[in-house]
Amino acid sequence: MLLILLCLFIAVVVIQFLYYVVFFGKFSFAKPQTSTPKRVPISVIVCAKNEEENVKKFVPLLAEQNYTEYEIVLIDDASSDETLEVFEAFEKQYSNIKLVKVENNEAFWGNKKFALTLGIKAATNEYLLFTDADCYPTSTEWIKEMSAQFTQQKTIVLGYGAYEKIKGSFLNKIIRFETLLTATQYFSWAKLGKPYMGVGRNMAYKREEFFKVNGFIDHMKIRSGDDDLFINQAARATNTAVCYSPESFTYSKPKTSFKSWFTQKRRHVATAKHYKASDRTQLAIFYATQLLFLILPIVLLAFQFQWIVVLSLIGFRYLFAWISLGFAAGKLKEKDVMYWFPIIEIILIVTQLNVFFTNTFSKPVQWK
């Protein structure tokens with residue numbers, strides 16, 4: 001039995017090597033990205049629900065972008081605070097702002113996808129760039145960098161949505177490490193010709209891609225997934241590009257309590273179960289081998305079975321995973337989280353397992 005477990009552990013390490021070095025290496029070891037400005041007309045779309053304080057700070061940053069032809073479509077999704085009033089003030093202040101007001105609709109109450117659909121239809125331009133109301137671009141070149149990836153064939157662009165650093169917060173490091181790992185995965189698979197998700201904090205696509213799949217209609221009843229479920233359905237090797245230049249990043253305020261972060265993770269995991277079968281399978285294999293890498297060596301070492309081989313495999317696996325994610329972290333400006341890699345990884349594995357069991361017995365809370 002112990003010999004079987006050892007063979008299984010070797011197989012797990014081999015599979016992890018394939019993921020981290022062969023698959024994720026497509027992004028991790030890629031050259032720094034260069035771009036040629038396209039200057040296509042862009043509509044920046046922001047959907048907000050009860051985001052009064054955030055939009056006061058972040059909409060002016062969108063209005064200061066170094067780009068010649070763009071509009072900002074602000075969507076107020078039936079907010080109960082002063083978000084609409086703030087948007088109306090900005091509409092008067094900036095000539096390139098268009099306001100979309102969403103009334104409460106019993107059939108689509110609280111559904112962000114309904115509000116986004118109205119905003120997409122109201123947009124003047126064919127090329128659409130999305131971010132969230134609690135996000136802001138890292139530079140005035142954000143639109144230029146993201147739009148530069150569009151070509152006649154590439155009509156979907158996946159960007160990086162980072163989280164702000166909070167000094168002295170270990171939870172913040174966990175959140176940013178998970179974001180780094182997730183981005184490494186979806187960038188790598190997109191480069192491999194198998195795009196499967198993106199984040200609404202920073203992504204772009206041509207409007208025709210939205211209508212090709214009838215918008216969000218196939219998953220309208222699923223409250224979340226306006227970003228990753230849409231990409232999972234619409235993105236292909238031929239039409240998808242990635243953008244990871246530092247000037248193209250957006251930043252969001254991260255959760256500051258474990259409870260709120262856990263709730264957020266529950267939503268993300270619940271959405272992922274609606275991915276295509278092939279995408280669910282590749283994600284399941286990755287996370288299953290992560291869990292087995294944690295469990296199997298504990299059993300083998302407890303019986304002191306081939307402990308030199310086991311410890312060597314553990315060291316080898318951490319070495320290649322650390323190198324691969326380290327290069328990715330350098331590209332995405334997240335190097336500081338890698339110092340805590342082994343500890344954070346264990347916490348994430350345990351949390352992922354907890355999320356799975358919690359979601360099995362109760363539904364996660366959705367859009368506000």
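Since the model is a prediction, treat every value here as computed from it, not as a measurement.
- Under the 4.5 Å side-chain criterion, counting only non-hydrogen atoms from C-beta, R317 is not in contact with V12.
- Taking the six-membered ring where tryptophan is involved, the planes of F27 and Y244 are perpendicular, since the angle between them exceeds 60° and thus also 30°.
- Panel note: side chain R176, backbone A162; no donor-acceptor pair is recorded below 3.5 Å.
- Ring geometry for F262 against F258 counts as parallel: the plane angle stays under 30°, on a 0 to 90° scale with 60° as the upper cut.
- When atom types are taken as modelled, the side chain of T358 and the backbone of N354 share a donor-acceptor pair closer than 3.5 angstrom.
- Sparse packing is recorded around CD of Q304, with 12 or fewer heavy atoms of other residues, nucleotides or ligands lying under 6.0 Å away.
- The pair K101-E91 does not count as a salt bridge, with every side-chain nitrogen at least 4.0 angstrom from each carboxylate oxygen.
- Residues F150 and I42 have side chains in contact (heavy-atom distance under 4.5 Å, counting atoms from C-beta outward).
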Item to check | Test side chain to side chain contact (heavy atoms under 4.5 Å, CB included) applied to S248 and Q149, step by step | outcome: CA-CA 11 Å; S248 71; Q149 308 308 318; over 6 Å; no

Checklist entry - Step by step, would you call D228 with Y275 a side-chain hydrogen bond (donor to acceptor under 3.5 Å, both in side chains)? => result CA-CA 8 Å; D228 54 345; Y275 290 175; 2.7 Å; yes

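- Residues F114 and F216 place their aromatic rings such that the two centres sit no closer than 6.0 Å.
- Annotation: K26, atom NZ; neighbour count of heavy atoms from other residues, nucleotides and ligands within 6.0 Å does not exceed 12.
- Side-chain N or O atoms of T240 include none that pairs as donor or acceptor with a backbone N or O of A190 at under 3.5 Å.
- When atom types are taken as modelled, the side chain of N202 and the backbone of G159 share no donor-acceptor pair closer than 3.5 angstrom.
- A donor-acceptor pair is defined here as one N or O able to donate and one able to accept, closer than 3.5 Å; such a pair exists between the side chain of S43 and the backbone of N125.
- Contact check on E52 versus K56 returns a salt bridge, with a Lys/Arg side-chain nitrogen under 4.0 Å from an Asp/Glu carboxylate oxygen.
- Side-chain contact annotation: T351 with K265, donor-acceptor N/O pair under 3.5 Å absent.
- V100 and Y94 sit in two unconnected hydrophobic clusters of ILVMFWY residues. Membership requires side-chain heavy atoms under 4.5 Å apart, directly or through other members.
- Counting heavy atoms from C-beta on, the side chains of K113 and I222 come closer than 4.5 Å.
- Residue-environment remark: NZ (K259) stays at or below the threshold of 12 foreign heavy atoms within 6.0 Å.
- Around CZ of F327, the count of heavy atoms belonging to other residues, nucleotides or ligands within 6.0 Å does not exceed 12.
- Around the NZ atom of K98, the shell of radius 6.0 Å holds more than 12 heavy atoms that belong to other residues, nucleotides or ligands.
- Using a 30° and 60° split on the angle between ring planes, F9 and F293 fall in the parallel class, below 30°.
- Between Y160 and Y186, the distance separating the two ring centers is not shorter than 6.0 angstrom.
- Looking at L180 and M338, their side chains come closer than 4.5 Å, going by heavy atoms from C-beta outward.
- Looking only at atom types and distance, the side chain of Q290 has no donor-acceptor partner in the side chain of Y19 under 3.5 Å away.
- A salt bridge links E164 with K253; the closest basic N to acidic carboxylate O contact falls under 4.0 Å.
- Hydrophobic clustering, with ILVMFWY side chains joined whenever heavy atoms are under 4.5 angstrom apart, groups I174 together with V199.
- With E145 contributing its side chain and S245 its backbone, the two residues share no donor-acceptor pair below 3.5 Å.
- Within 6.0 Å of atom CZ in F170, more than 12 heavy atoms from other residues, nucleotides or ligands are found, so the atom counts as buried in its surroundings.
- Ring planes of F17 and F316: parallel class, angle under 30° (limits at 30 and 60°).
- In this structure, the side chains of F305 and M1 stay at 4.5 Å or more apart for every pair of heavy atoms.
- A distance-only check finds no donor-acceptor pair linking the side chain of Y287 to the backbone of I349 [under 3.5 Å].
- Considering W189, F187, F29 as possible partners of F23, the one that fulfils the ring pair (Phe, Tyr, Trp, His ring centres under 6.0 Å) test is W189.
- Hydrophobic clustering of Ile, Leu, Val, Met, Phe, Trp and Tyr side chains at less than 4.5 Å, counting indirect connections, keeps L128 apart from I72.
- For the side-chain contact (heavy atoms from CB on, under 4.5 Å) with L118, the lone residue among V102, I75, V73, D77 that qualifies is V102.
- Between F24 and F286, the gap from one ring centroid to the other is short of 6.0 Å.
- Ion pair K112/D132 flagged as a salt bridge, since at least one NZ, NE, NH1 or NH2 atom sits closer than 4.0 Å to an Asp/Glu carboxylate oxygen.
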Item to check | Residues L84, L99; criterion side chain to side chain contact (heavy atoms under 4.5 Å, CB included); working and verdict | outcome: CA-CA 9 Å; L84 178 59; L99 179 57; 4.0 Å; yes

Item to check | S147/Y67 under side-chain hydrogen bond (donor to acceptor under 3.5 Å, both in side chains): CA gap, chis, key distance, verdict | outcome: CA-CA 10 Å; S147 64; Y67 203 76; 3.3 Å; yes

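- Side-chain atoms of S324 come within 3.5 Å of backbone N or O of Y20 as a donor-acceptor pair.
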Next on the checklist: Apply side-chain hydrogen bond (donor to acceptor under 3.5 Å, both in side chains) to residues S224 and T271 and explain how you reach the verdict.
Outcome noted: CA-CA 6 Å; S224 57; T271 303; 2.4 Å; yes

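- Between F130 and T250 the shortest side-chain heavy-atom distance does not fall below 4.5 Å.
- Note on E141 versus K144: salt bridge recorded, some NZ/NE/NH1/NH2 to OD/OE distance being below 4.0 Å.
- The main-chain N or O of K276 is found under 3.5 Å from a side-chain atom of N232 such that the two form a donor-acceptor pair.
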Checklist entry - Can you check side chain to side chain contact (heavy atoms under 4.5 Å, CB included) on F87 and E51, steps first, answer last? => result CA-CA 10 Å; F87 277 175; E51 295 279 4; over 6 Å; no

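- Between L294 and E345 there is no side-chain heavy-atom pair separated by less than 4.5 Å.
- For the pair L301/L311, a side-chain contact is recorded, criterion being any heavy-atom separation below 4.5 Å from C-beta on.
- Looking at K335, its side chain never comes within 3.5 Å of a backbone N or O of G326 through a donor-acceptor pair.
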Checklist entry - Where do I175 and K255 land on the side chain to side chain contact (heavy atoms under 4.5 Å, CB included) test, with the steps shown first? => result CA-CA 8 Å; I175 292 171; K255 303 297 183 183; 4.2 Å; yes

